[in-house]
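Below is one structure, written out as structure tokens; comments come after it.
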Amino acid sequence: MSDLKNKVYLSIETTGLDPDNFEIIEIAALKIDEFNNKSLFHRFIRPQQALTSSAEAITNLKNSDLKEQKSFGQIKIEFLDFLGELPVVLNNQKFIEGFLNKQIGDELSNTKIDLNEMFNEKFPNESSSLEGMLTQFDLRIDTGFSASLNEVLILPRIYEKLSGH
């Protein structure tokens, strides 16, 4: 049985699918410590290139929302300090790692727990998208928060379901 504590749950929003050509524009991380205290790191990030209209439509973020935000380089140290050395729980490790490694300029050394991989092992014939997981576990996101913030707040519930808690 896995424990929800002493982990960081992580989600990002990007301008596209390829880390070589696109950037992180939102990052959300929820840390749950050994005493079950929760802390949140959430930042919108100013991209180097303007969002396309399709990226605006998909992310619900507009260039005007991001132009006054800090760049990834300006929040990088704060983000890495927040993660510390705790294991990171995320959905779609390959995708997120590609973007983080590119933007950080190095490989994130934290242990990673990929919910997508766990879900595929348990439910090989089901969709391992976030929506598929929510449907499988009868979970709902009904806040008005941004995409990454919504996801990072539900990830512990999905991890709990997948790890047998």
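Values below: all heavy atoms of this structure, side chains included; hydrogens, waters and symmetry mates excluded.
Minimum heavy-atom separation, Ala28 to His42: CB-CD2, 3.8 Å. Here the shortest heavy-atom pairing between Gly164 and Lys122 reads N-NZ, 4.4 Å.
Not one N or O on the side chain of Asn120 forms a donor-acceptor pair closer than 3.5 Å with the backbone of Pro124. The backbone N or O of Leu4 sits less than 3.5 Å from a side-chain atom of Tyr9, completing a donor-acceptor pair. The backbone N or O of Glu34 sits less than 3.5 Å from a side-chain atom of Asn6, completing a donor-acceptor pair. The backbone N or O of Gly84 sits less than 3.5 Å from a side-chain atom of Asn110, completing a donor-acceptor pair. Not one N or O on the side chain of Asn116 forms a donor-acceptor pair closer than 3.5 Å with the backbone of Asn91.
Here NZ of Lys7 is found 9.0 Å from CD1 of Ile32. Values are rounded to the nearest 0.5 Å. With rounding to the nearest 0.5 angstrom, the CZ atom of Arg157 is 12.5 Å from the CG atom of Leu162. Rounded to the nearest 0.5 Å, atoms CD1 (Ile58) and OG1 (Thr14) are 9.0 Å apart. If you take CG on Leu134 and CG on Asn150, they are separated by 10.0 Å, rounding to the nearest 0.5 Å. Between Ser11 atom OG and Ile96 atom CD1 the span is 6.0 Å, to the nearest 0.5 Å. Between the CG atom of Leu100 and the CD atom of Gln93 there is a distance of 10.5 Å, given to the nearest 0.5 Å.
By the neighbour-count criterion of 12 heavy atoms within 6.0 Å, atom CD of Gln49 is sparsely surrounded, having that number or fewer from other residues, nucleotides or ligands. Atom CG of Asp138 has 12 or fewer heavy atoms from other residues, nucleotides or ligands within 6.0 Å.
Side-chain contact of Ser148 with Ser146: a donor-acceptor pair under 3.5 Å is absent, judged by distance alone. Side chain to side chain, Asn63 and Glu56 meet the donor-acceptor criterion of an N or O pair below 3.5 Å.
Cluster annotation: Ile158 and Leu90 are assigned to distinct hydrophobic clusters (Ile/Leu/Val/Met/Phe/Trp/Tyr, side-chain heavy-atom contacts under 4.5 Å, transitive). Hydrophobic clustering keeps Val88 apart from Leu130 (ILVMFWY residues linked when any side-chain heavy atoms are closer than 4.5 Å, directly or through intermediates). Ile113 and Leu83 end up in different hydrophobic clusters when Ile, Leu, Val, Met, Phe, Trp and Tyr side chains are linked at under 4.5 Å. If you chain together hydrophobic residues whose side chains sit under 4.5 Å apart, Leu30 and Leu80 never meet in one group. Linking ILVMFWY residues whenever their side-chain heavy atoms come closer than 4.5 Å, directly or via other members, leaves Phe145 and Leu10 in distinct clusters.
Remark: Phe22 engages Thr15, Asp18, Phe99 in a side chain to side chain contact (heavy atoms under 4.5 Å, CB included) (not counting sequence neighbours). Taking Phe72 as the reference, nothing meets the ring pair (Phe, Tyr, Trp, His ring centres under 6.0 Å) condition, with sequence neighbours excluded. The side chain to side chain contact (heavy atoms under 4.5 Å, CB included) test applied to Gln136 returns Phe119, Phe123, Glu126, not counting sequence neighbours. Residues satisfying the side chain to side chain contact (heavy atoms under 4.5 Å, CB included) test with Ser71, not counting sequence neighbours, are Arg46, Gln74. Shown here are the salt bridge (Lys or Arg N to Asp or Glu O under 4.0 Å) partners of Glu97, two or more places apart in sequence or in another chain: Lys112.
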Test side chain to side chain contact (heavy atoms under 4.5 Å, CB included) on Leu61 and Glu26; report intermediate values, then the result. CA-CA 9 Å; Leu61 293 172; Glu26 182 185 8; 4.3 Å; yes
Apply side chain to side chain contact (heavy atoms under 4.5 Å, CB included) to residues Ile75 and Ile27 and explain how you reach the verdict. CA-CA 10 Å; Ile75 63 134; Ile27 194 160; 4.1 Å; yes
Show your reasoning for whether side chain to side chain contact (heavy atoms under 4.5 Å, CB included) applies to Tyr159 and Leu155. CA-CA 6 Å; Tyr159 180 65; Leu155 288 181; over 6 Å; no
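With a 4.5 Å cut-off on side-chain heavy atoms, Val8 and Val89 do not count as touching. Side-chain contact check for Leu51 versus Ile25: some heavy-atom pair is nearer than 4.5 Å. No side-chain heavy atom of Ile45 sits under 4.5 Å from any side-chain heavy atom of Leu66. Here the side chains of Phe41 and Glu78 are in contact, with some heavy-atom distance below 4.5 Å.
A cation-pi arrangement, defined by a distance under 6.0 Å to the six-membered ring centre and an angle within 45 degrees of its axis, is present between Lys31 and Phe82.
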Would you mind writing out the side-chain donor-acceptor pairs for residues 102-109 within the sub-3.5 Å range, not counting sequence neighbours?
residue : atom : partner : partner atom : Å
Gln103  : OE1  : Ile24   : N            : 2.7

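Between Lys5 and Asp3, none of the side-chain N atoms (NZ, or NE/NH1/NH2) sits under 4.0 Å from a carboxylate O, so this pair counts as no salt bridge.
The one candidate from Glu68, Gln69, Lys70 that meets the side-chain contact (heavy atoms from CB on, under 4.5 Å) condition with Phe44 is Gln69. Across Ile141, Ile154, Thr143, Leu40, a single residue satisfies side-chain contact (heavy atoms from CB on, under 4.5 Å) together with Leu149, and that is Leu40.
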